[in-house]
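Below you'll find the structure, written out as C-alpha coordinates, and then a few comments.
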Amino acid sequence: MITVRVPAKVNVQLGVGGLRADGFHDLANVFFAVALGDEVTATAGAPGSGVTLACTGPDADQVPLDGSNLAARAARLLAARHGIEADVHLAIAKAIPVAGGMAGGSADGAAALVACDALWGLDTPLPVLLELAAELGSDVPFALLGGVALGRGRGELLEPLPVAGSFHWVFAVAEGGLSTPAVFRECDRLREADGTGSGADRVPTPDPSAELLAALAAGDPVALAEALSNDLQQAALSLRPELADCLRAGLEAGALAGLVSGSGPTCAFLAKDAAGAEAVAEALAASGTCRAAHPTHGPVPGARPLDTVGPAAAV
Ligand code: ATP
(Lines give C-alpha, C1' and ligand atoms only; values in the text may rest on other atoms or scores of the structure.)
Protein backbone atom coordinates (compact mmCIF):
# COMPACT_ATOMS: atom_id res chain seq x y z
CA MET A 1 0.00 0.00 0.00
CA ILE A 2 1.37 3.42 -0.98
CA THR A 3 -0.10 6.77 0.06
CA VAL A 4 0.85 9.85 -1.97
CA ARG A 5 0.14 13.40 -0.87
CA VAL A 6 -0.39 15.94 -3.65
CA PRO A 7 -0.86 19.73 -3.50
CA ALA A 8 -3.55 21.97 -4.97
CA LYS A 9 -2.43 24.96 -7.03
CA VAL A 10 -3.28 28.63 -7.25
CA ASN A 11 -2.29 30.61 -10.33
CA VAL A 12 -0.47 33.70 -9.08
CA GLN A 13 -0.53 34.86 -12.69
CA LEU A 14 -2.94 33.54 -15.29
CA GLY A 15 -2.40 35.42 -18.55
CA VAL A 16 -4.78 34.19 -21.25
CA GLY A 17 -3.92 34.76 -24.91
CA GLY A 18 -6.32 34.53 -27.84
CA LEU A 19 -8.30 31.47 -28.89
CA ARG A 20 -6.10 29.27 -31.12
CA ALA A 21 -7.29 27.25 -34.11
CA ASP A 22 -6.99 24.04 -32.01
CA GLY A 23 -9.45 25.42 -29.41
CA PHE A 24 -6.81 26.10 -26.74
CA HIS A 25 -5.49 29.45 -25.51
CA ASP A 26 -1.81 30.32 -25.10
CA LEU A 27 -1.18 30.95 -21.43
CA ALA A 28 1.42 32.66 -19.25
CA ASN A 29 0.61 30.67 -16.21
CA VAL A 30 2.52 30.91 -12.93
CA PHE A 31 1.50 27.88 -10.83
CA PHE A 32 2.03 27.95 -7.06
CA ALA A 33 1.59 24.71 -5.03
CA VAL A 34 -0.10 25.06 -1.63
CA ALA A 35 -0.27 22.73 1.36
CA LEU A 36 -4.03 22.20 0.93
CA GLY A 37 -3.98 18.82 -0.79
CA ASP A 38 -5.43 15.37 -1.48
CA GLU A 39 -4.06 11.95 -0.57
CA VAL A 40 -4.30 8.97 -2.91
CA THR A 41 -3.66 5.47 -1.53
CA ALA A 42 -2.91 2.69 -4.01
CA THR A 43 -3.44 -0.96 -2.95
CA ALA A 44 -2.67 -3.96 -5.15
CA GLY A 45 -5.85 -5.43 -6.69
CA ALA A 46 -6.54 -9.10 -7.46
CA PRO A 47 -5.42 -10.16 -10.98
CA GLY A 48 -8.09 -9.07 -13.46
CA SER A 49 -9.78 -6.65 -11.04
CA GLY A 50 -8.80 -3.59 -13.11
CA VAL A 51 -8.86 -0.15 -11.49
CA THR A 52 -11.34 0.33 -8.64
CA LEU A 53 -11.95 3.66 -6.90
CA ALA A 54 -13.26 5.10 -3.65
CA CYS A 55 -13.40 8.72 -2.53
CA THR A 56 -13.94 10.36 0.87
CA GLY A 57 -14.19 14.03 1.89
CA PRO A 58 -16.79 16.84 1.86
CA ASP A 59 -17.04 16.92 -1.97
CA ALA A 60 -16.78 13.14 -2.47
CA ASP A 61 -20.27 12.87 -4.01
CA GLN A 62 -19.15 15.13 -6.90
CA VAL A 63 -16.17 12.99 -7.85
CA PRO A 64 -16.81 10.52 -10.71
CA LEU A 65 -15.94 6.94 -9.68
CA ASP A 66 -15.95 5.55 -13.21
CA GLY A 67 -13.20 5.30 -15.83
CA SER A 68 -13.29 9.09 -16.40
CA ASN A 69 -11.68 9.79 -13.01
CA LEU A 70 -8.24 11.24 -13.67
CA ALA A 71 -6.65 8.96 -11.05
CA ALA A 72 -8.05 5.88 -12.82
CA ARG A 73 -6.96 7.19 -16.22
CA ALA A 74 -3.46 7.82 -14.84
CA ALA A 75 -3.18 4.25 -13.49
CA ARG A 76 -4.29 2.77 -16.83
CA LEU A 77 -1.94 5.03 -18.82
CA LEU A 78 1.08 4.09 -16.68
CA ALA A 79 0.26 0.38 -16.88
CA ALA A 80 -0.18 0.56 -20.67
CA ARG A 81 3.17 2.33 -21.02
CA HIS A 82 4.86 -0.59 -19.22
CA GLY A 83 2.74 -3.31 -20.84
CA ILE A 84 1.30 -4.54 -17.51
CA GLU A 85 -2.24 -4.97 -16.17
CA ALA A 86 -3.66 -2.08 -14.13
CA ASP A 87 -5.03 -4.06 -11.18
CA VAL A 88 -5.19 -1.52 -8.37
CA HIS A 89 -7.56 0.03 -5.84
CA LEU A 90 -7.21 3.82 -5.51
CA ALA A 91 -8.65 5.50 -2.40
CA ILE A 92 -8.83 9.29 -2.75
CA ALA A 93 -9.01 11.38 0.44
CA LYS A 94 -10.28 14.59 -1.11
CA ALA A 95 -9.61 17.97 0.52
CA ILE A 96 -9.22 20.01 -2.69
CA PRO A 97 -12.58 21.56 -3.71
CA VAL A 98 -14.06 19.82 -6.78
CA ALA A 99 -14.34 22.02 -9.92
CA GLY A 100 -12.91 24.78 -7.72
CA GLY A 101 -10.11 26.16 -9.93
CA MET A 102 -7.42 24.45 -7.85
CA ALA A 103 -6.70 21.53 -10.24
CA GLY A 104 -7.96 18.86 -7.86
CA GLY A 105 -8.64 16.26 -10.53
CA SER A 106 -5.21 16.89 -12.06
CA ALA A 107 -3.65 16.52 -8.61
CA ASP A 108 -5.26 13.09 -8.19
CA GLY A 109 -3.98 12.08 -11.64
CA ALA A 110 -0.42 13.03 -10.66
CA ALA A 111 -0.76 11.30 -7.27
CA ALA A 112 -2.00 8.10 -8.94
CA LEU A 113 0.97 8.09 -11.35
CA VAL A 114 3.42 8.33 -8.41
CA ALA A 115 1.51 5.86 -6.21
CA CYS A 116 1.13 3.18 -8.92
CA ASP A 117 4.72 3.66 -10.05
CA ALA A 118 5.90 2.89 -6.50
CA LEU A 119 3.36 0.08 -5.90
CA TRP A 120 4.31 -1.68 -9.13
CA GLY A 121 8.07 -1.06 -8.59
CA LEU A 122 8.42 0.54 -12.02
CA ASP A 123 10.91 3.35 -11.27
CA THR A 124 9.67 5.35 -14.25
CA PRO A 125 12.08 8.27 -14.89
CA LEU A 126 10.63 11.71 -14.07
CA PRO A 127 10.73 12.94 -17.72
CA VAL A 128 8.53 9.96 -18.73
CA LEU A 129 6.12 10.59 -15.82
CA LEU A 130 5.92 14.25 -16.93
CA GLU A 131 5.16 13.15 -20.50
CA LEU A 132 2.35 10.84 -19.29
CA ALA A 133 1.08 13.65 -17.04
CA ALA A 134 0.88 16.06 -20.00
CA GLU A 135 -1.13 13.43 -21.91
CA LEU A 136 -3.65 13.34 -19.03
CA GLY A 137 -4.15 17.12 -18.91
CA SER A 138 -2.50 20.54 -18.98
CA ASP A 139 -2.36 20.95 -15.18
CA VAL A 140 -1.14 17.41 -14.31
CA PRO A 141 2.63 17.95 -14.89
CA PHE A 142 2.70 20.81 -12.38
CA ALA A 143 1.08 18.63 -9.69
CA LEU A 144 4.03 16.24 -10.13
CA LEU A 145 6.61 19.01 -9.78
CA GLY A 146 5.05 21.32 -7.18
CA GLY A 147 6.90 24.41 -5.97
CA VAL A 148 6.34 27.38 -8.26
CA ALA A 149 6.63 27.08 -12.03
CA LEU A 150 5.96 29.01 -15.19
CA GLY A 151 3.69 27.11 -17.57
CA ARG A 152 3.67 28.07 -21.25
CA GLY A 153 1.71 26.67 -24.17
CA ARG A 154 -1.48 25.15 -22.77
CA GLY A 155 0.26 25.23 -19.38
CA GLU A 156 2.10 21.94 -19.84
CA LEU A 157 5.59 23.31 -20.72
CA LEU A 158 7.01 23.93 -17.26
CA GLU A 159 9.96 25.91 -15.97
CA PRO A 160 10.55 25.83 -12.19
CA LEU A 161 10.92 29.34 -10.70
CA PRO A 162 13.04 30.47 -7.73
CA VAL A 163 11.12 31.41 -4.57
CA ALA A 164 12.39 32.64 -1.21
CA GLY A 165 10.64 31.50 1.98
CA SER A 166 6.99 30.73 2.42
CA PHE A 167 3.79 32.67 1.63
CA HIS A 168 0.55 32.46 3.63
CA TRP A 169 -2.78 32.00 1.89
CA VAL A 170 -6.46 31.56 2.62
CA PHE A 171 -8.77 29.67 0.24
CA ALA A 172 -12.48 30.48 0.39
CA VAL A 173 -14.44 27.54 -1.00
CA ALA A 174 -17.70 28.39 -2.79
CA GLU A 175 -20.93 26.39 -2.98
CA GLY A 176 -20.79 24.36 -6.21
CA GLY A 177 -18.13 24.39 -8.89
CA LEU A 178 -17.47 26.16 -12.19
CA SER A 179 -16.60 24.37 -15.42
CA THR A 180 -13.16 25.46 -16.67
CA PRO A 181 -14.17 25.30 -20.39
CA ALA A 182 -17.28 27.39 -19.60
CA VAL A 183 -15.12 30.08 -17.94
CA PHE A 184 -12.75 30.19 -20.95
CA ARG A 185 -15.80 30.51 -23.25
CA GLU A 186 -17.12 33.38 -21.11
CA CYS A 187 -13.69 35.07 -21.30
CA ASP A 188 -13.86 34.84 -25.13
CA ARG A 189 -17.46 36.10 -25.13
CA LEU A 190 -16.56 39.13 -22.99
CA ARG A 191 -13.60 39.92 -25.27
CA GLU A 192 -15.91 39.79 -28.33
CA ALA A 193 -18.55 41.89 -26.54
CA ASP A 194 -16.13 44.69 -25.60
CA GLY A 195 -14.68 44.85 -29.12
CA THR A 196 -11.25 43.43 -28.27
CA GLY A 197 -11.92 40.20 -30.17
CA SER A 198 -11.08 36.75 -28.87
CA GLY A 199 -8.82 35.25 -31.58
CA ALA A 200 -5.08 34.63 -31.35
CA ASP A 201 -4.68 37.32 -34.07
CA ARG A 202 -6.33 39.92 -31.80
CA VAL A 203 -5.05 39.08 -28.29
CA PRO A 204 -1.26 39.22 -27.80
CA THR A 205 0.51 36.16 -26.37
CA PRO A 206 0.84 36.89 -22.65
CA ASP A 207 4.23 37.18 -20.94
CA PRO A 208 5.13 36.45 -17.32
CA SER A 209 5.16 39.57 -15.14
CA ALA A 210 8.68 40.71 -14.17
CA GLU A 211 7.30 42.27 -10.94
CA LEU A 212 5.65 38.96 -10.00
CA LEU A 213 8.80 36.90 -10.61
CA ALA A 214 10.87 39.41 -8.57
CA ALA A 215 8.36 39.32 -5.67
CA LEU A 216 8.49 35.50 -5.59
CA ALA A 217 12.30 35.43 -5.70
CA ALA A 218 12.46 38.02 -2.90
CA GLY A 219 9.86 36.26 -0.71
CA ASP A 220 7.99 39.57 -0.46
CA PRO A 221 4.23 39.09 0.18
CA VAL A 222 3.39 42.81 -0.19
CA ALA A 223 5.04 42.97 -3.62
CA LEU A 224 3.45 39.63 -4.63
CA ALA A 225 0.02 40.95 -3.57
CA GLU A 226 0.45 43.90 -5.94
CA ALA A 227 1.54 41.69 -8.84
CA LEU A 228 -1.16 38.95 -8.64
CA SER A 229 -3.33 38.74 -11.78
CA ASN A 230 -5.88 36.44 -13.34
CA ASP A 231 -7.28 37.09 -16.84
CA LEU A 232 -10.12 34.63 -16.10
CA GLN A 233 -11.33 36.54 -13.04
CA GLN A 234 -13.74 38.82 -14.93
CA ALA A 235 -15.29 35.79 -16.66
CA ALA A 236 -15.65 33.88 -13.37
CA LEU A 237 -17.27 36.97 -11.77
CA SER A 238 -19.57 37.34 -14.76
CA LEU A 239 -20.80 33.75 -14.26
CA ARG A 240 -20.82 34.05 -10.43
CA PRO A 241 -21.35 37.73 -9.48
CA GLU A 242 -21.57 36.82 -5.76
CA LEU A 243 -17.84 36.02 -5.74
CA ALA A 244 -17.28 39.80 -5.58
CA ASP A 245 -18.79 39.73 -2.04
CA CYS A 246 -16.29 37.07 -0.99
CA LEU A 247 -13.33 39.01 -2.48
CA ARG A 248 -14.52 42.16 -0.66
CA ALA A 249 -14.96 40.31 2.66
CA GLY A 250 -11.40 38.94 2.49
CA LEU A 251 -9.91 42.37 1.82
CA GLU A 252 -11.97 43.91 4.63
CA ALA A 253 -10.62 41.18 6.93
CA GLY A 254 -7.06 42.36 6.23
CA ALA A 255 -5.86 40.22 3.32
CA LEU A 256 -3.07 41.86 1.28
CA ALA A 257 -4.91 40.86 -1.92
CA GLY A 258 -7.61 38.52 -3.16
CA LEU A 259 -8.19 36.90 -6.54
CA VAL A 260 -10.21 34.13 -8.10
CA SER A 261 -8.14 30.91 -8.13
CA GLY A 262 -7.72 29.73 -11.75
CA SER A 263 -11.16 29.39 -13.33
CA GLY A 264 -12.85 29.69 -9.90
CA PRO A 265 -15.06 29.73 -7.99
CA THR A 266 -12.57 29.30 -5.10
CA CYS A 267 -11.17 32.70 -4.03
CA ALA A 268 -7.53 32.96 -2.89
CA PHE A 269 -6.27 35.56 -0.42
CA LEU A 270 -2.65 36.38 0.31
CA ALA A 271 -1.87 37.27 3.94
CA LYS A 272 1.15 38.97 5.51
CA ASP A 273 1.98 35.99 7.77
CA ALA A 274 0.48 32.86 9.35
CA ALA A 275 -1.40 34.82 12.05
CA GLY A 276 -2.83 37.11 9.35
CA ALA A 277 -4.05 34.08 7.37
CA GLU A 278 -5.77 32.62 10.49
CA ALA A 279 -7.55 35.95 11.09
CA VAL A 280 -8.68 36.30 7.46
CA ALA A 281 -9.95 32.70 7.42
CA GLU A 282 -11.97 33.23 10.60
CA ALA A 283 -13.51 36.45 9.29
CA LEU A 284 -14.35 34.85 5.93
CA ALA A 285 -15.95 31.82 7.59
CA ALA A 286 -18.14 34.19 9.65
CA SER A 287 -18.97 36.44 6.66
CA GLY A 288 -21.45 34.06 5.04
CA THR A 289 -19.83 34.71 1.62
CA CYS A 290 -18.28 31.23 1.28
CA ARG A 291 -18.86 27.60 2.31
CA ALA A 292 -15.53 27.25 4.15
CA ALA A 293 -12.21 29.13 4.47
CA HIS A 294 -8.87 27.31 4.85
CA PRO A 295 -5.61 28.97 5.92
CA THR A 296 -2.57 27.32 4.34
CA HIS A 297 0.92 28.04 3.01
CA GLY A 298 3.25 27.33 0.13
CA PRO A 299 5.13 26.60 -1.95
CA VAL A 300 5.22 22.86 -1.19
CA PRO A 301 6.62 19.92 -3.22
CA GLY A 302 4.59 18.01 -5.81
CA ALA A 303 3.11 14.49 -5.48
CA ARG A 304 5.24 12.47 -3.00
CA PRO A 305 4.76 9.16 -1.16
CA LEU A 306 4.11 9.69 2.57
CA ASP A 307 5.91 6.44 3.25
CA THR A 308 6.76 3.39 1.21
CA VAL A 309 7.26 0.96 4.11
CA GLY A 310 3.77 -0.32 4.85
CA PRO A 311 0.21 0.37 5.95
CA ALA A 312 1.05 1.28 9.57
CA ALA A 313 3.54 3.92 8.52
CA ALA A 314 1.29 5.24 5.74
CA VAL A 315 -1.61 6.18 8.06
P1 ATP B 1 -8.68 23.09 -13.14
O2 ATP B 1 -8.32 24.12 -12.12
O3 ATP B 1 -7.56 22.12 -13.47
O4 ATP B 1 -9.37 23.60 -14.34
P5 ATP B 1 -10.74 22.38 -11.30
O6 ATP B 1 -9.96 22.39 -10.04
O7 ATP B 1 -11.60 23.56 -11.58
O8 ATP B 1 -9.75 22.13 -12.49
P9 ATP B 1 -11.41 19.63 -10.82
O10 ATP B 1 -11.60 19.55 -9.35
O11 ATP B 1 -10.17 19.09 -11.39
O12 ATP B 1 -11.65 21.11 -11.34
O13 ATP B 1 -12.71 18.93 -11.45
C14 ATP B 1 -13.17 19.15 -12.76
C15 ATP B 1 -14.01 17.95 -13.17
O16 ATP B 1 -13.14 16.84 -13.36
C17 ATP B 1 -14.99 17.49 -12.10
O18 ATP B 1 -16.22 18.14 -12.23
C19 ATP B 1 -15.10 15.98 -12.35
O20 ATP B 1 -16.17 15.68 -13.17
C21 ATP B 1 -13.82 15.62 -13.09
N22 ATP B 1 -12.87 14.74 -12.34
C23 ATP B 1 -12.22 13.69 -12.85
N24 ATP B 1 -11.42 13.12 -11.94
C25 ATP B 1 -11.55 13.82 -10.81
C26 ATP B 1 -10.96 13.71 -9.53
N27 ATP B 1 -10.09 12.76 -9.22
N28 ATP B 1 -11.30 14.63 -8.61
C29 ATP B 1 -12.18 15.61 -8.93
N30 ATP B 1 -12.79 15.75 -10.12
C31 ATP B 1 -12.47 14.86 -11.06
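Start at 1 and go down the list; that is how both ligands and their atoms are numbered. Values in this document were obtained by computation on a predicted structure and should not be read as measured data.
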**CZ (R191) with more than 12 external heavy atoms under 6.0 Å** = yes
Classify the side-chain pair S209/Q13 by whether it contains a donor and acceptor separated by less than 3.5 Å. no
- Heavy-atom contacts with K9 under 4.0 Å: which atoms of ligand 1 show up? List them by number with element.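 Matching atoms, with element in brackets: 2 (O).
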Determine whether [X] and [Y] make a side-chain contact, defined as any pair of heavy atoms from C-beta on separated by less than 4.5 Å.
X    : Y    : result
Q234 : D194 : no
L14  : L259 : no
R189 : S238 : yes
R81  : E131 : yes

Distance from [X] atom [atom1] to [Y] atom [atom2], nearest 0.5 Å?
X    : Y    : atom1 : atom2 : result
T41  : R5   : OG1   : CZ    : 10.5 Å
E226 : L256 : CD    : CG    : 9.5 Å
C55  : D61  : SG    : CG    : 9.0 Å

Could you check [atom] against the protein and tell me its nearest heavy-atom contact, residue, atom and distance included?
atom                    : answer
atom 3 (O) of ligand 1  : D139 OD2, 2.7 Å
atom 12 (O) of ligand 1 : A99 CA, 3.2 Å
atom 4 (O) of ligand 1  : T180 OG1, 2.5 Å
atom 27 (N) of ligand 1 : D108 OD2, 2.9 Å
atom 2 (O) of ligand 1  : A103 N, 3.1 Å
atom 17 (C) of ligand 1 : V98 CG1, 4.0 Å

(request) Give the C-alpha distance, both sets of side-chain angles, the deciding distance and a yes or no for salt bridge (Lys or Arg N to Asp or Glu O under 4.0 Å) between R152 and D207. (result) CA-CA 9 Å; R152 304 303 295 259; D207 281 320; 3.7 Å; yes
[X] N/O to ligand 1 N/O under 3.5 Å:
X    : value
Q62  : no
M102 : yes
L70  : yes
S68  : no

Within less than 4.0 angstrom of ligand 1, does P64 place any heavy atom?
-> yes
Any K94 heavy atom less than 4.0 Å from ligand 1:
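A heavy atom of K94 does come that close to ligand 1.
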Going by the 4.0 angstrom heavy-atom rule, the piece of N69 near ligand 1 is both
| task | Please check atom 29 (C) of ligand 1 for a protein heavy-atom neighbour under 4.0 Å. | result | yes
Point to revise | Winner among G105, G137, G101, G57 once heavy atoms are compared against atom 5 (P) of ligand 1 | key: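 Nearest heavy atom to atom 5 (P) of ligand 1 lies in G101.
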